[in-house]
Amino acid sequence: MTWASWTTRGVYSGHGGVLTEEVGPLSGDLTIHTTWAEGTAQITVQYTDAADWFTMAGSPVPCPSEEASRALHAAAVEAVREGAAATVPALRTTPEQAADEATAE
């Protein structure tokens, strides 16, 4: 099984914070965590140094590769910084990634 994960601490949310499935919006000093395995990315958030993790609204999402999941994590961090009840951003693929995915199928 192939998997990868990334964690970014100290992300200060923009006005309106990030929307979670379990408790609605969170705002303030947050930690964003992305786990990718078997073609799926799961994005969770927590108040930095808290015990509880919450699912970012829109997660999990199909994600074709480790590289794409790293880009998705970075995009999620930026979405949280922007606020406005951020949800999981759409996965953007480059023309090269799209060609690789088509070749793999």
Side-chain angles (χ1 to χ4, degrees):
M1 176 175 149
T2 301
W3 69 276
S5 69
W6 296 274
T7 303
T8 304
R9 296 173 46 88
V11 177
Y12 289 89
S13 67
H15 181 72
V18 56
L19 190 61
T20 68
E21 297 289 341
E22 296 85 0
V23 296
L26 298 180
S27 61
D29 181 3
L30 304 172
T31 297
I32 316 301
H33 179 80
T34 301
T35 302
W36 173 77
E38 312 245 339
T40 301
Q42 174 77 31
I43 303 174
T44 56
V45 298
Q46 72 171 178
Y47 288 110
T48 297
D49 296 327
D52 296 325
W53 287 93
F54 304 101
T55 305
M56 188 172 182
S59 181
V61 294
C63 190
S65 68
E66 181 177 339
E67 179 181 278
S69 67
R70 179 66 181 106
L72 180 62
H73 175 78
V77 168
E78 286 308 309
V80 171
R81 286 184 176 135
E82 291 175 15
T87 60
V88 174
L91 181 63
R92 294 188 180 126
T93 57
T94 65
E96 294 80 18
Q97 289 171 326
D100 289 345
E101 291 166 20
T103 303
E105 294 176 358

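On a predicted model such as this, the values are computed, not experimentally measured, just so you know.
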Under the side chain to side chain contact (heavy atoms under 4.5 Å, CB included) test, which residues partner [X], sequence neighbours left out?
{"X": "Ala37", "value": "Met1, Trp3"}
{"X": "Val61", "value": "Ala41, Leu72, Val88"}
{"X": "Tyr47", "value": "Leu26, Leu30, Ala50"}

Residue pairs fulfilling salt bridge (charged side-chain N to carboxylate O under 4.0 Å, His left out) with at least one residue in residues 25-48, sequence neighbours excluded
none
Pro60 and Gln42 have their tightest heavy-atom pair at CB-OE1, 3.4 Å
Of all heavy-atom pairs linking Leu91 and Pro64, the shortest is CD2-CD, 3.5 Å
List the steps and the verdict of side-chain hydrogen bond (donor to acceptor under 3.5 Å, both in side chains) for Ser27 and Ser13.
CA-CA 5 Å; Ser27 61; Ser13 67; 4.6 Å; no
All N/O donor-acceptor pairs, side-chain side in residues 75-82, below 3.5 Å, sequence neighbours left out:
residue, atom, partner, partner atom, Å
Glu78, OE2, Arg81, NH1, 2.7

With side chains defined as the heavy atoms from C-beta onward, is the minimum distance between Ser69 and Trp6 less than 4.5 Å?
yes
Please tabulate, for side-chain N and O atoms in residues 14-23, each donor-acceptor pair with protein atoms closer than 3.5 Å (sequence neighbours left out).
residue, atom, partner, partner atom, Å
Thr20, OG1, Val23, N, 3.2
Thr20, OG1, Gly24, N, 3.2
Thr20, OG1, Gly24, O, 2.6
Glu21, OE2, Gly58, N, 3.2
Glu22, OE1, Thr55, N, 2.8
Glu22, OE2, Thr55, N, 3.4
Glu22, OE2, Thr55, OG1, 2.8

Taking ring pair (Phe, Tyr, Trp, His ring centres under 6.0 Å) as the cut-off, I'd like each qualifying pair that reaches into residues 17-39, sequence neighbours left out, listed once.
His33-Trp53
Spacing of SG belonging to Cys63 relative to CZ belonging to Arg70, to within rounding of 0.5 Å
12.0 Å
Can you list everything that forms a side-chain hydrogen bond (donor to acceptor under 3.5 Å, both in side chains) with Thr34? Sequence neighbours excluded, please.
His73
Using side-chain hydrogen bond (donor to acceptor under 3.5 Å, both in side chains) as the criterion, list what pairs up with Ser59, not counting sequence neighbours.
none
Please evaluate residues Thr31 and Thr7 with respect to the criterion side chain to side chain contact (heavy atoms under 4.5 Å, CB included), reporting the C-alpha separation (whole Å), side-chain torsions for both, the decisive distance (0.1 Å), and the verdict.
CA-CA 7 Å; Thr31 297; Thr7 303; 3.5 Å; yes
Residues two or more places apart in sequence or in another chain: which of them pass salt bridge (charged side-chain N to carboxylate O under 4.0 Å, His left out) with Asp49?
Arg9
